[in-house]
Every structure is written in structure tokens, then in C-alpha cells.
Amino acid sequence: MTDITEQISKNNKIMMLAYDQGFEHGPATDFNEKNYDPNYILDIAENGGYTCVAMQYGLASKFWLRRKSKVPLVLKMNGKTSLGKEALSLANSDINDALALGAKAIGYTIYLGSKYEAMMLREFSKLRDSAHKHEITVIAWMYPFITPPSSNDDELEHEIVAYAARTGAELGADIVKIKYPHQPDKLQWIIQNAVGTKAILSGGDKTDTEEQFLEKVRNFIDAGGSGAAIGRNIWQHHDPIKLSSQIKSIIWQG
Ligand code: FBP
């Protein structure tokens, strides 16, 4: 395989539907009568032009696998609930699970700056090696877990996002999933620092208007980004397919 990310991308670009929030945040904050149901999400993934869908093992085996979805699976391997305070997220599945499911990629969150950082770095590296042995794409959710001093929040924040992108690249991820910075004019610098690794945008909660959100995706792609991994902004929207098609145009046509 020339480019390992080809199996979850189209023309070098990635549009991922993320659905691990039930684990990370719990039903109360994120779900309604429609989007609590994994089949609703898989309908969106299948009809909205997504190049991959990310789920934890339980949902992947009970829903994605059973309906034989054609949208490539990103098995999200680690996770933590919002009930604890510690920034530690360890794997709850392994490479054999990814192989048994037929996942094309694995996803792993690293909380950089957490006091448990070293544990996650070690576990990630082992999973990266096993994934690459089986030609499975490795995606690192690179999430800094430190708050910059308040006096120059914005100035430092984009450097921390760049640091996260850089660390993911140096760790050997094929794709880094990074947050949108407070200073969008620094996006190019951030994405450049992913040196040789594709950078995709992490959606965030649904606080922006539709226009603001689409502008973020556009800025990210214009700055050299390789796509987006979006969850709540899509499946909390009243018309997810229409919004997906707008995002699709931005990702592939600019
Ligand atoms: P969203 O677009 O809903 O933010 O999904 C992307 C994602 O990375 C999910 O995979 C993950 O559950 C969530 O964000 C984590 O969000 P937060 O950092 O706000 O807990």
C-alpha cells in the first residue's frame, strides 16, 4: 500500500463521522431521541458521503458489523468517561478486535500534558506497531490537557495545538486529529508542524452557528488540512445530510 490512509480517504481527503461521545460525555449532554441510536448515525455515515466512521468496540460489534456497513470503520480503542477528573484514557480493545471487526483504522486519544501522559504514549506506541504490521491506519486524537496562563491565552494556545500536531507526527501517527485554535490565522503553522502526517479537524461541541462551523472547516482545509472528524455538529443538526453535503463540498472542492 503506497499510502496507508487511502483505505479511509478519498482523493487524499478524509471525512470522518465521530460517534464515541456516549462514552466520553454520557447521554445527558449529547443525545436526543434520534441520535442516541447508533443506527441513526450509521444512516448518516452511509448517506452523507463519509469516508469513515469512528466507534468504540461495543457499538462497532453490535451495530456497524451487524448491518455490514460499507463505510470503513475506525475502531476507537481508548476512552474515558466524564465522571472522573483524571486525564487518563487507556485502551479497552486491542488489535485482534480491530482485525476481527475488519476495521481499517484505529483511533487513540492522547492527553498531552496530563500526569499520565507517559502511560498513554507507551500504550499508543505499542498499538501503532501492531496496527502497522497489519496495514491498519493509525489516527491519534491529539488533545492537550493543559491550560495556558490566562494573560496570553490565545498566543500560547495555537503553539500548544501545533505542539500536539507535531508530537503526533513524531509518534508515527498516520493522521492527527487536532482542535481548532483560537487564532485561525495560525492554522498553516499548526498544520505544517504535522510534517508528513495528515491533519484533520476535530469538530467540537455544537455552539457555533452553521455558517461559523462551515467557515472553520473551510479555514482548516485552506490552511492545508486533510479533512475533518465531526460528530455533534452533524448528528445534533436538524438536517445532517444537507450539512454533510456542504462539508463534503468544502473538503473536496474548497
Ligand atoms: P465532536 O465533533 O462531537 O467534537 O467529536 C470529535 C471528538 O474527538 C470525539 O471523537 C470525542 O468524543 C469528542 O470529540 C471529545 O470531545 P471533548 O474534547 O469536548 O470531550
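In listed order, ligands and their atoms are each counted from 1. Predicted model, so just to flag it, every value in this text is computed and none were measured.
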Output side-chain donor-acceptor pairs under 3.5 Å for residues 197-205, partner residues at least two apart or in another chain, one line each.
{"unit_1": "T197", "atom_1": "OG1", "unit_2": "A173", "atom_2": "O", "d": "3.3"}
{"unit_1": "T197", "atom_1": "OG1", "unit_2": "A194", "atom_2": "O", "d": "3.4"}
{"unit_1": "K198", "atom_1": "NZ", "unit_2": "D3", "atom_2": "OD2", "d": "2.8"}
{"unit_1": "K198", "atom_1": "NZ", "unit_2": "T5", "atom_2": "OG1", "d": "2.8"}
{"unit_1": "K198", "atom_1": "NZ", "unit_2": "N12", "atom_2": "OD1", "d": "3.2"}
{"unit_1": "S202", "atom_1": "OG", "unit_2": "Y143", "atom_2": "OH", "d": "2.7"}
{"unit_1": "S202", "atom_1": "OG", "unit_2": "K177", "atom_2": "NZ", "d": "3.1"}
{"unit_1": "D205", "atom_1": "OD1", "unit_2": "T207", "atom_2": "OG1", "d": "3.2"}

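- In this structure, K34 forms no cation-pi arrangement with W235, as its terminal cationic atom is not both closer than 6.0 Å to the ring centre and no more than 45° off the ring axis.
- Closer than 4.0 angstrom to ligand 1 sit non-hydrogen atoms from A18, D20, Q21, E24, H25, W141, Y143, K177, K179, S202, G203, G204, I230, G231, R232.
- Of the possible donor and acceptor atoms, none in the side chain of E24 sits under 3.5 Å from a partner among the backbone N and O of T81.
- Residues that satisfy the side chain to side chain contact (heavy atoms under 4.5 Å, CB included) test with D239, not counting sequence neighbours, are H237, I241, K242.
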Practice problem: Give the C-alpha distance, both sets of side-chain angles, the deciding distance and a yes or no for side chain to side chain donor-acceptor pair (under 3.5 Å) between Y180 and N219. | Solution: CA-CA 10 Å; Y180 194 82; N219 290 342; 2.9 Å; yes

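- In this view, R67 and N39, L42, D43, E46, S69 satisfy the side chain to side chain contact (heavy atoms under 4.5 Å, CB included) rule, not counting sequence neighbours.
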